[in-house]
Each structure stands twice: as structure tokens, then as C-alpha cells.
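Here's the structure we're looking at; comments come further down.
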Amino acid sequence: MTDANHVPDLRLTGVCWPVLDFVINFTRQVRAQAAPAPDQVRYEAISALRDAEDIARGEATTERLWEDRVKAMMVYLIDYKMLNSNWEGTDFWF
């Protein structure tokens, strides 16, 4: 039975947001031909993953999901975007 006032659980969305935000901003920068240096992009990617991990630590189930499955998917998303975008750091990332 569903409750009409039930609010869906969005913890994983919140956990993933720093990584998604990074990927969105990176894509916009590449399209505008204003992508930062590869070292800076790497730093921002790692920071986004750390921020997501910090958010995941707030709840045990979310942390377990992050560590078991979601983190790997977010890393794959970042790698995919870095390798398949037309920017000067593609070789650096590979």
C-alpha cells in the first residue's frame, strides 16, 4: 500500500550530485572551449568523489551502497566523459 504523502528517498541522488555536478560543469567548459588544465580537472574530479563519499557517510545503508556499487559507476562516468570529450587532456586521462 502506498501513502499519498510519502516522499521518495533521495539520498543516493544527493550522494551522486557532486560527481554529476562536476561532469555537467566539465562538459559545459569543453563545449565553450574553456576546459581547465588536465591536472586541475583531475583535482576537481577527485574532490567531487571525496565530497560524495563524505555525504554517503551520513547514513550506513547509503555508505554501503556507495562503496559497493555506486562509487564504481561514478568513476566510470567520469572516465567515460574524460576519454570521449574533445579536449586537450584526453591523452593525460588515458
Side-chain angles (χ1 to χ4, degrees):
M1 181 170 182
T2 60
D3 182 6
N5 295 325
H6 176 71
V7 177
D9 189 357
L10 301 175
R11 281 184 289 228
L12 282 178
T13 304
V15 168
C16 294
W17 179 247
V19 176
L20 298 174
D21 187 42
F22 162 75
V23 171
I24 291 166
N25 287 332
F26 172 76
T27 303
R28 288 179 178 160
Q29 290 172 332
V30 168
R31 285 186 183 161
Q33 297 179 352
D39 287 335
Q40 181 64 29
V41 173
R42 181 180 180 276
Y43 172 78
E44 291 173 10
I46 291 170
S47 293
L49 288 166
R50 286 184 183 150
D51 290 347
E53 193 167 315
D54 289 344
I55 295 169
R57 283 193 197 114
E59 205 269 323
T61 303
T62 306
E63 182 178 17
R64 189 169 54 250
L65 285 170
W66 171 257
E67 291 297 331
D68 291 349
R69 297 182 188 266
V70 178
K71 183 177 181 180
M73 287 186 270
M74 293 294 104
V75 170
Y76 176 79
L77 173 65
I78 291 171
D79 285 344
Y80 180 84
K81 204 62 175 163
M82 297 300 115
L83 294 173
N84 292 298
S85 296
N86 188 18
W87 70 299
E88 68 181 54
T90 301
D91 292 333
F92 174 84
W93 206 265
F94 188 67

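L20 and Y43 are members of different hydrophobic clusters when ILVMFWY side chains are connected at heavy-atom separations under 4.5 Å. Placement of I46 and M74 in two distinct hydrophobic clusters is found when ILVMFWY residues are connected by side-chain heavy-atom separations under 4.5 Å, directly or transitively.
Note that the CE atom of M82 and the CH2 atom of W87 stand 6.0 Å from one another [nearest 0.5 Å]. Atoms CD and CD, on Q29 and Q40 in that order, are 9.0 Å from each other to the nearest 0.5 Å. For the atom pair CD (E44) and CG (L49), the distance works out to 12.5 Å, reported to the nearest 0.5 Å. Here the CG atom belonging to L12 is positioned 11.5 Å from the CD1 atom belonging to I55, to the nearest 0.5 angstrom. Distance check, rounded to the nearest 0.5 Å: CD1 of I78 to CG of L83 gives 11.5 Å. From R69, atom CZ reaches atom CE of M73 across 7.5 Å, with rounding to the nearest 0.5 Å.
A donor-acceptor pair is defined here as one N or O able to donate and one able to accept, closer than 3.5 Å; such a pair exists between the side chain of N84 and the backbone of Y80. The backbone N or O of V15 sits nowhere less than 3.5 Å from a side-chain atom of T62 that would complete a donor-acceptor pair.
Heavy-atom minimum distance, V30 versus A35: CG2-CB, 4.0 Å. In terms of heavy atoms, V19 sits closest to A52 at CG2-CB, 4.2 Å.
Around the CG atom of N86, the shell of radius 6.0 Å holds no more than 12 heavy atoms that belong to other residues, nucleotides or ligands.
With respect to R42 and D39, no salt bridge is recorded, no charged nitrogen being found less than 4.0 Å from a carboxylate O.
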Exercise. Verify side chain to side chain contact (heavy atoms under 4.5 Å, CB included) between V70 and C16, making sure each step is shown before the conclusion.
Key: CA-CA 8 Å; V70 178; C16 294; 3.4 Å; yes
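Between R57 and E53, the closest side-chain pair of non-hydrogen atoms falls below 4.5 Å.
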